[in-house]
Amino acid sequence: MLAALAHYYEQSNANVHRGVHTLAEEATAAYEECRRRVASFVNAPEERGVVIVRNATEAINLVARSWGATLAAGDEVLLSEMEHHSNLVPWIMLARERGVVLRHVPITDSGELDMAALGSLLTTRTRIVALTAMSNVLGTINPVAEIAAAAHRVGAVMVVDGAQSVPHLSVDFRSLGIDFLAFSAHKAYGPTGVGFLVARPELLERMEPVAGGGEMIRVVRLDSATWNDIPHKFEAGTPNIADAAAFPAALDLLEELGMGAVREHERELAGYALERLRSLDWLQIHGPLDPERRGALVSFVDPEIHPHDLAQVLDTRGVAVRAGHHCAQPLMRRLNVAATARASFGIYNDRDDVDALVDGLVAARRYFGLV
Ligand SMILES: Cc1ncc(COP(=O)(O)O)c(C=O)c1O
């Protein structure tokens, strides 16, 4: 991936879709190759349904602003209590602007969506259902295909926050039957600053662009403009060409391993982590305890040690965990905690890393004089 990034700057550094010279053509080819590879990786309906943006957040904002502009006061958007701020705040902004009503699927005590409640919250007033496919705090894997089918039965579109699912599960846009999928390259072993909105092209056709400028136009006069074809009408200005050109190398890695094998490795590791962490009887673990129902990240709280202190002790032992609200303040309130510590596992982790985490948690108790 780093070599691909350097190669772009060293060999093909030029703007895309503008020049006819060789470098511009090489840059355009590398940029469009990223779109093609992403479409294939998630089995998108068509390449032109892939909009290249900065991150998952920008992708969700694009849907909220553009598809959201088709909503009227009183229309409803259905979210959940386990969403990342990226899939809450754009809808809060929409609600403020248009008088749209936000509803939230509650979670059960085991950290899963309350599907019975979801059934009753989904009504003919619901225009958009926007949910994470995998919680970044609880690890919960949500039944996206089932919910998308239910959303379509009431005439709503299904927006999926795939920031956590795309790098860790095999995500098939078409068989999930969804309408929009947002994710970031940097969580899938790629570079920062590039992400994707994958959409059904017929929906993108009906949407207005949210940013105007170069690249996204067909004809501009002093007082009027017409838009380029999709997906370009959503890609105003010079895009992040270098990082888009580099991302396919990260996809090579994931495709070589196979997403089935990635999931199996992480499921096994999650099972081992849960087993070892549950043996620490003071530790509160959040999220489902069955590794089949969750991804390879575990949030936990030591009731006697603040998560930041815990993270600092672990850091001195070379164990990096995230501590805080994980951009999910409403979920923290639901769990009745100010913050948690969270260990996330990827393709490069193994059981020794879990053991180092567990040893660190015991050491933290000793450090604070609790044992
Ligand atoms: C579930 C989920 N959604 C959205 C995001 C936002 O991703 P980004 O910051 O790359 O836009 C994250 C990142 O932490 C996430 O975990």
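On a predicted model such as this, the values are computed, not experimentally measured, just so you know. Heavy atoms only: backbone and side chains are in, while hydrogens, waters and symmetry mates are out. Atoms within a ligand are numbered from 1 in the order they appear, just like the ligands themselves.
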- Message: Between His85 and His325, is the ring centroid distance below 6.0 Å?
- Response: yes
- Query: Are the ring centres of Phe247 and Phe196 closer than 6.0 Å?
  - Reply: yes
- Task: Answer yes or no: are there more than 12 heavy-atom neighbours, outside Arg276 itself, under 6.0 Å from its atom CZ?
- Result: yes
- Query: With a 4.5 Å heavy-atom cut-off, do Leu181 and Val166 have their side chains touching?
  - Reply: yes
Short N or O separations between ligand 1 and the protein, below 3.5 Å:
residue  : atom   : partner : partner atom : Å
ligand 1 : 3 (N)  : Asp161  : OD1          : 3.2
ligand 1 : 3 (N)  : Asp161  : OD2          : 2.5
ligand 1 : 10 (O) : Ser184  : OG           : 2.5
ligand 1 : 10 (O) : His186  : NE2          : 2.8
ligand 1 : 11 (O) : Ala56   : N            : 3.3
ligand 1 : 11 (O) : Thr57   : N            : 2.9
ligand 1 : 11 (O) : Thr57   : OG1          : 2.5
ligand 1 : 14 (O) : His84   : NE2          : 3.2
ligand 1 : 14 (O) : Lys187  : NZ           : 3.0
ligand 1 : 16 (O) : Gln164  : NE2          : 2.7

- Task: For side-chain hydrogen bond (donor to acceptor under 3.5 Å, both in side chains), just list the numbers for Tyr367 and Gln312, CA-CA rounded to whole Å, side-chain angles, deciding distance to a tenth of an Å, and then say yes or no.
- Result: CA-CA 11 Å; Tyr367 181 84; Gln312 220 159 352; over 6 Å; no
- Query: Just checking, any donor-acceptor pair under 3.5 angstrom between side chains of Glu83 and Trp91?
  - Reply: no
